[in-house]
Amino acid sequence: MKETQWPLWEIFIQANPGIPHKHVGSLHAPDAEMALQNARDVYTRRKEGISIWAVESKNIVASAPEDVGSFFDPANDKVYRHPTFYKVPEGVKYL
Amino acid sequence: MQTEKDNKQAEFDFQAKIDKGDKIEPKDWMPERYRNQLVRMMSQHAHSEIVGMLPEGNWITRAPSLRRKAILLAKVQDEAGHGMYLYSAAETLGVDRTEMLKQLHTGKAKYSSIFNYPTLTWADIGAIGWLVDGAAIMNQTALAKGSYGPYSRAMVRICKEESFHNRQGYEIMCSLSFGTSEQKQMAQDAFNRWWWPAIMMLGPSDDNSPNSDELMRWKVKMESSDSIRRRFIDRTVPQAEFIGLTVPDPHMKFNKETGHYEHGPINWEEFFNVIKGNGPCNKERVKARNEADKNGRWVREAAEAYAEKHKKN
């Protein structure tokens, strides 16, 4: 038998209804169905979730740590995007 | 090309990040030594979880009640899960899982010395949960604060699960200690055999750990082995006394001034001998892992065939 490694899957779990799925780790599985079953056994032995997403790791596109500066730069000088930027006369309510 | 100056700067930034309490993530720059140390630690840790299933698995079919059997099964399954978390965390540093397993199966990889001791009676299952998992929790709680993100997150998850392991072990020891005189004798005997190996599994004494300073600076190691060992002893001795067990160390005494227990000399020769492969069960453990790998092959083949078939349809 060929001892090649099965594809790697990243596992995301939704702990409760209404909140986002959160990355918990990864695992190897030959296909999507078994990735889900393995994820259930590896990451939810104590009712940690109500929903699992399995995404093959090779399909994840990530920003590079060394590009952090320039990549997120456009947001740095736009303080007017935050409510605290604006002066509101004292005594004015509900703003 | 990266010049030496760039490298110095990168190393400086790396250390600053760690000092600030930020985590290092897989794609971040890191010194090669940091990467290698972590791969070594995480793979050894993963192997320990996997090999750790064997001494306890030995008693699943002979657990004294259905309750104990269900608990032991769940615990051993947790250990498998912990191995999986740790292998996948180690893989984020670019090491291949097949390679890690190959090292375990060929006997090249190291794993915790403690799992090379045999489980002779049911009381050993109690002693392991109480002492071995107890010591592991002390170590892992420290590691959960470490600088490498994936390792630290795996540790947080593992620590949450380990506390049941620890308690179920102590519960077994309680039942036996308050049972018949034969049962109490059995608990004391298991305690006698597991105490010293549990003390030793926390690692060589500080004056014998050459890499410690660098590892502490990088927050790969968070606390010295002696300090973790002292806390383990301080917490465990009263637990033993509570159930009427005698610590198998004639020198053990409480120092009122320091507030700590003081233990007798540790037989490090035995520790290094077990690490080198000469413990009572080293060969048996590696053989069992190889057989498990061989016997599970048809399952992996079937899974692959199934996946292949479904791809075509």
Side-chain angles (χ1 to χ4, degrees), chain A residues 1-16 19-50 52-73, chain B residues 6 10 13-14 17 22 24-30 73-75 77-92 95-102 105 149-151 153-154 156-158 160-161 164 293-294 296-311:
Chain A
M1 178 185 148
K2 58 178 193 328
E3 285 290 353
T4 52
Q5 191 66 74
W6 287 343
L8 191 65
W9 301 75
E10 299 301 325
I11 307 302
F12 300 82
I13 290 179
Q14 185 185 29
N16 286 299
I19 59 173
H21 286 67
K22 196 170 149 192
H23 183 248
V24 291
S26 56
L27 51 79
H28 292 277
D31 67 5
E33 191 184 342
M34 277 181 265
L36 271 184
Q37 285 183 0
N38 290 351
R40 180 201 57 194
D41 293 343
V42 176
Y43 292 106
T44 63
R45 287 192 303 282
R46 288 175 177 75
K47 303 212 280 189
E48 286 92 338
I50 53 156
I52 300 175
W53 289 349
V55 184
E56 220 183 307
S57 309
K58 66 173 188 200
N59 294 326
I60 289 190
V61 184
S63 62
E66 58 271 26
D67 296 341
V68 162
S70 58
F71 194 70
F72 294 103
D73 174 67
Chain B
D6 290 339
D13 293 344
F14 172 81
K17 212 164 151 183
D22 285 357
I24 305 300
E25 296 299 336
K27 287 173 135 192
D28 293 346
W29 185 90
M30 60 187 85
L73 262 175
K75 180 180 191 295
Q77 195 191 11
D78 272 353
E79 308 300 357
H82 298 173
M84 296 301 116
Y85 307 157
L86 287 162
Y87 281 130
S88 89
E91 281 177 299
T92 62
V95 51
D96 187 73
R97 189 176 308 205
T98 321
E99 182 54 36
M100 287 188 272
L101 291 177
K102 202 170 106 192
H105 295 153
Y151 193 27
R153 292 190 284 274
V156 170
R157 184 176 275 276
I158 288 176
K160 266 190 208 159
E161 301 185 353
F164 123 64
D293 185 60
K294 203 173 78 193
R297 182 166 287 190
W298 71 269
V299 180
R300 299 197 295 277
E301 279 173 343
E304 277 177 19
Y306 182 83
E308 195 56 35
K309 188 177 150 196
H310 279 247
K311 218 184 280 171

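Lettering of chains follows the sequences in order, A, B, ..., and the numbering in each one begins at 1.
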In terms of heavy-atom pairs under 4.5 Å with chain A, the winner among R153(B), Q77(B), M84(B) is Q77(B)
If you tally heavy-atom pairs under 4.5 Å between each of D96(B), D78(B), D28(B) and chain A, the highest tally belongs to D78(B)
Problem - Ionic contact status for K75(B) with E79(B), cut-off 4.0 Å - result: yes
**Message:** Between R46(A) and E48(A) (salt bridge meaning N to carboxylate O under 4.0 Å), is one present in this structure?
**Reply:** no
**Request:** Would you tell me whether E33(A) and H310(B) have side-chain atoms, one donor and one acceptor, within less than 3.5 Å of each other?
**Result:** no
One should read off an interatomic distance between S26(A) OG and L8(A) CG, to the nearest 0.5 angstrom, of 4.5 Å
Those residues of residues 37-45 of chain A that come under 4.5 Å of chain B on a heavy-atom basis, listed by number, are V42(A), Y43(A), R45(A)
From CA spacing to verdict: side chain to side chain contact (heavy atoms under 4.5 Å, CB included), F12(A), I52(A):
CA-CA 6 Å; F12(A) 300 82; I52(A) 300 175; over 6 Å; no
Return yes if some donor-acceptor pair links the side-chain N/O of E10(A) with the main-chain N/O of H23(A) below 3.5 Å, else return no. no
Whatever's closer than 4.5 Å to a heavy atom in chain B on A29(A) counts as neither
The salt bridge (Lys or Arg N to Asp or Glu O under 4.0 Å) partners of E66(A) (sequence neighbours excluded) come to none
